[in-house]
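See below for the structure under consideration.
Order of the sequence lines fixes the chain letters, A, B, ..., with proteins taken first and strands second; residue numbering starts at 1 for each chain.
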Number of protein chains: 2
Amino acid sequence: MENRSQNFELDNLDTQILSILMEDATIPYTEIAKKLIVSGGTIHVRMKKMQDMNIIKGSHLIIDPQRIGYDICAFLGIYLEKGSQYKDAVENLKKIKEVVELHYTTGSYSMFAKIICRDTNHLRQVLNEDIQGVKGIQRTETLISLEESIKRQITL
Amino acid sequence: MENRSQNFELDNLDTQILSILMEDATIPYTEIAKKLIVSGGTIHVRMKKMQDMNIIKGSHLIIDPQRIGYDICAFLGIYLEKGSQYKDAVENLKKIKEVVELHYTTGSYSMFAKIICRDTNHLRQVLNEDIQGVKGIQRTETLISLEESIKRQITL
DNA sequence: GTTGAAAAGTGCTGCGA
DNA sequence: TCGCAGCACTTTTCAAC
């Protein structure tokens, strides 16, 4: 009905609801209602509004990759032979499940990727066989993350 | 009681439960139970086990930063004057809410950060005032993400 | 370890203010 | 627009297999 996708006017209440649920999406509406001193129904209405406005994209279970054997996180600066090969490269990189993030960036690299691997062998395999096999990729630079010191969402 | 934090043995069932909930944490246990042809109680037991083992770190509401006015995502290669200043720098960068990810990396940079800003003015302010103000930071290189082509969790 | 059902708590929907 | 109350659903627990 209403095409108000651009029209994002969040008041204090909306913002506070998001802040709480962004940290722990399992907190029940009733508890949020108590904290913010409104009724549970109000929380529900606000959440529905924000879902309709596509502000809320979903809810993810956060797991610790290291605990299930994925020990290495690395960033990849990717140089393409030609910038025009970007779209094809994206499609091919999507097929590599170890690539969890990919950005088209300004600066020295054409693209920038984040990858998660089990161990150094796995990383070498992904870099040498999978990534280098993608058409259009000239060369890559690897930054291995030895420690993830901060990992959070934006604060509202 | 049991100190089995290292002992991660996930069977097929555990893995399938995680896969489903990592994409959408709102799916009820009863529905997962139907899909995997086990009882709801079993799902509950497995989830509790994985929470106790700290494999599951929590659940986040995923919002679209662009819809609430955070339009710019950038990566920052950070050079420290001395590597030993790492710990102090982390503490100070934690105070900058725009920094959503920070890694201690190998390669040319000492550290690597991901930041989310409202617009170019906001980015300039964060770079010039906040980041450059952190003691020990010599200089930074900025990669602005023009498009986030892939954003997902690891597939199990 | 798994099941099935009962008990407790949560989410959803109208009506009223 | 918000709050309250009833119903449907889910989560949680537990005895039994």
Output all residues satisfying side-chain hydrogen bond (donor to acceptor under 3.5 Å, both in side chains) with A/D64, sequence neighbours left out; order by chain, then residue number.
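Per chain and number, A/D64 pairs via side-chain hydrogen bond (donor to acceptor under 3.5 Å, both in side chains) with no residue.
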
Nucleotide C/dG11, atom P - distance to NZ of A/K34 in whole Å
12 Å

Nearest heavy-atom neighbours spanning B/L61 and A/M47
CD2-CE, 4.4 Å

Heavy-atom closest contact (B/L93 atom, B/M111 atom, distance)
CD1-CE, 3.8 Å

Scan nucleotides 1-17 of chain D nucleotide by nucleotide, 5' to 3', and note B when protein non-hydrogen atoms come under 4.0 Å of the base, S if they reach only the sugar-phosphate, - if neither.
-SB------SBSB----

Answer yes or no: is there a donor N or O on one side and an acceptor on the other, between the side chain of B/S110 and the main chain of B/L80, under 3.5 Å?
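Here the side-chain-to-backbone pair exists.
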
Pairing residues for B/S19 by the side chain to side chain contact (heavy atoms under 4.5 Å, CB included) criterion, not counting sequence neighbours:
B/T15, B/L156

Who passes side chain to side chain contact (heavy atoms under 4.5 Å, CB included) against B/T30, sequence neighbours left out?
B/P28

Kindly state which residues belonging to residues 14-25 of chain B come within less than 4.0 angstrom of DNA chain C, counting heavy atoms of the residue only, listed by number.
none

Hits for ring pair (Phe, Tyr, Trp, His ring centres under 6.0 Å) against A/F112, two or more places apart or cross-chain, chain-then-number order -> A/F75, A/Y109, B/F75, B/F112

Can you check salt bridge (Lys or Arg N to Asp or Glu O under 4.0 Å) on A/R118 and A/E98, steps first, answer last?
CA-CA 9 Å; A/R118 293 183 184 283; A/E98 288 84 359; over 6 Å; no

